[in-house]
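Predicted model, so just to flag it, every value in this text is computed and none were measured.
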There are 2 protein chains.
Amino acid sequence: MEGSAPRRTRIQQEKRELILEAALEVFSANGFRGSTIDQIAEAAGMSKPNLLYYFRRKEDIHETLMQRLLDTWLAPLKELDDIGDPMTELRSYIRRKLEMARDFPRESRLFANEILQGAPRIMPMLEGELKTLVDEKAAVIKGWMRAGKIARTDPWHLIFAIWATTQHYADFDVQVRAVLGPDRGGDGRFEDAARFLEQLFLDGLKPKA
Amino acid sequence: MEGSAPRRTRIQQEKRELILEAALEVFSANGFRGSTIDQIAEAAGMSKPNLLYYFRRKEDIHETLMQRLLDTWLAPLKELDDIGDPMTELRSYIRRKLEMARDFPRESRLFANEILQGAPRIMPMLEGELKTLVDEKAAVIKGWMRAGKIARTDPWHLIFAIWATTQHYADFDVQVRAVLGPDRGGDGRFEDAARFLEQLFLDGLKPKA
DNA sequence: GCAAATTTTGACCGATTGGACAAACGTTAG
DNA sequence: CTAACGTTTGTCCAATCGGTCAAAATTTGC
């Protein structure tokens, strides 16, 4: 579809990175329609026409941002591997997803914003690439269940649950911090969350008999 | 704070309801800044100036909507009761939250939008009313743990996990449906989710020894 | 050092936005 | 019937939006 990547000068590469970084900040906080080119330009320390020299339309920025995001976002799931102990694999997947919520909350919110609005710009990817990947990993998980390595349950909803619980700490961060309060809502909240999630996914809530 | 409710004519009551219903539709799909008064007016079947006769500012609509939402939204948690079997109480709380995600997805998305944007309009409620309620219920859950009725873990993060997993089916609905595909993504997905979540929260993933 | 290419800027444009306002219309009580 | 009140509409406005354009400033290749 797309021709070879356009050759770019040093300045173009640098400025484009600067703009994308600023746009990530603005888009993730206000959504696409809630963000203005002026805001992004100011955050990037340049004038609006100057920004438009590097990205001709507001949508181009968002699209570029989204494309980059998706690769890094799906990487942890891609790494979920058939070899290795199933329980360990799942645990490290959960841990990695939680680390991403901690280290890349803006990316998580950008993605959440897009999905919330009905995913108008990435629908084909959801139905194509993402579905394929999830189906593939669901098959792997099903294999583990058949082998008696983990309890039998629905692999798709299991993946949803891991996404939901981990991304919650990025997308609903303000609520999490507000509820936990200044003491428990500090930096340690991610370690508390990690401990809790590990227990939840492994043992559930039933008291040890 | 607020004086007695202003007396309203029959027409005012009806039209205000009509506007709020339309606004819920529009706001939940596009966010606050992404929605226009014209869109809401059209969805409500009236002209923009006419709408502004009932709500003088766009923010007033959103505020009214948010106030109503919060009551119904927190109702299930309020019902979590100390009397009754702990495991049953938690299970029915999860089921009720999932039903709300199924029956009131627009309300869930409206709330999610607000939190995603940093909760500028409901921050005091999060730190006040919500935190108080959650702390109170966390204490109840802690009591159950001390009594050996459920496994010992962090009650706050347990509540977060229930919120995250259930609301996921409303907020990320398009993604869920896209990944499940046309077959498994039909109406039955909520029953599948209910079964899965029940197993997850009760037994976790460890295979039965 | 200089010409060509690239980058930056200020001024500007049409479209859309939230909202104001007065006039017109409808309803209702006496 | 009619005066008072409640409702609806068309028109208008200032601000903001995404985006253009030509000219100025700067960088780059030779």
Side-chain angles (χ1 to χ4, degrees), chain A residues 3-66 110 113-114 117 120-121, chain B residues 3-66 110 113-114 117 120-121:
Chain A
S4 58
R7 61 181 75 164
R8 298 209 173 93
T9 68
R10 175 186 53 88
I11 293 185
Q12 270 172 357
Q13 286 185 18
E14 291 174 3
K15 292 295 171 84
R16 281 175 65 93
E17 288 307 315
L18 225 142
I19 292 168
L20 289 172
E21 158 65 25
L24 175 59
E25 188 74 27
V26 176
F27 279 143
S28 67
N30 307 106
F32 181 76
R33 295 203 56 188
S35 305
T36 72
I37 301 183
D38 279 299
Q39 284 177 334
I40 301 173
E42 196 195 331
M46 64 179 71
S47 66
K48 178 169 68 169
N50 196 9
L51 180 149
L52 286 167
Y53 170 72
Y54 293 102
F55 292 90
R56 290 168 65 190
R57 294 180 308 150
K58 182 184 172 186
E59 275 210 55
D60 292 348
I61 311 176
H62 191 264
E63 196 184 313
T64 306
L65 220 43
M66 205 59 83
L110 181 67
N113 254 308
E114 178 69 10
Q117 320 273 310
R121 295 165 237 276
Chain B
S4 58
R7 62 180 76 165
R8 299 207 173 96
T9 68
R10 176 185 53 89
I11 293 186
Q12 270 173 356
Q13 286 184 18
E14 289 173 3
K15 292 294 171 88
R16 281 175 65 94
E17 288 307 317
L18 225 141
I19 292 169
L20 289 172
E21 159 65 25
L24 175 59
E25 188 74 26
V26 175
F27 278 144
S28 66
N30 307 108
F32 180 76
R33 295 203 55 188
S35 306
T36 72
I37 301 184
D38 279 300
Q39 285 177 335
I40 301 173
E42 195 195 331
M46 64 179 71
S47 66
K48 180 168 70 168
N50 195 9
L51 182 149
L52 285 168
Y53 170 72
Y54 294 102
F55 290 90
R56 290 169 65 188
R57 293 179 310 150
K58 183 184 171 186
E59 274 210 52
D60 291 348
I61 311 176
H62 191 265
E63 196 184 312
T64 306
L65 220 43
M66 204 60 82
L110 182 67
N113 253 308
E114 177 70 10
Q117 320 272 307
R121 295 165 236 276

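- At the heavy-atom level, B:F55 lies nowhere under 4.0 Å from the strands shown.
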With sugar-phosphate taken as primed atoms, P, OP1 and OP2 and all else as base, the protein-contact string of nucleotides 14-30 of chain D at under 4.0 Å (heavy atoms; B, S, -) is ---SBBBB------S--
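- With rounding to the nearest 0.5 Å, the separation of CG in A:L65 from CD1 in A:I19 is 11.5 Å.
- Taking side-chain N and O atoms only, A:N50 has a distance below 4.0 Å to OP1 or OP2 of C:dT9.
- Atom P of nucleotide C:dT7 and atom CG of A:L18 are separated by 14 Å, given to the nearest angstrom.
- Identified under the side chain to side chain donor-acceptor pair (under 3.5 Å) test for residues 29-57 of chain A, with sequence neighbours left out: A:R57-A:D60.
- Applying the 4.0 Å criterion to OP1 and OP2 of D:dT8, one finds that B:S47 has every side-chain N and O outside that range.
- Scanning all heavy atoms of the two residues, the minimum distance from B:K58 to B:F27 falls at CE-CE2, 4.1 Å.
- Under the 4.5 Å side-chain criterion, counting only non-hydrogen atoms from C-beta, B:M66 is in contact with B:E114.
- B:Y53 has a side-chain polar atom (N or O) that falls below the 4.0 Å cut-off from OP1 or OP2 of D:dT7.
- Considering all non-hydrogen atoms of both residues, A:L110 and A:S28 come closest at N-CB, 4.0 Å.
- When rounded to the nearest whole Å, the span between CD1 of B:I19 and C1' of C:dG18 equals 15 Å.
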Assess whether side chain to side chain contact (heavy atoms under 4.5 Å, CB included) is satisfied between A:L20 and A:F55, documenting all intermediate values. CA-CA 10 Å; A:L20 289 172; A:F55 292 90; 3.9 Å; yes
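- Within the 4.0 Å cut-off from OP1 or OP2 of C:dT7, at least one side-chain nitrogen or oxygen of A:Q12 is found.
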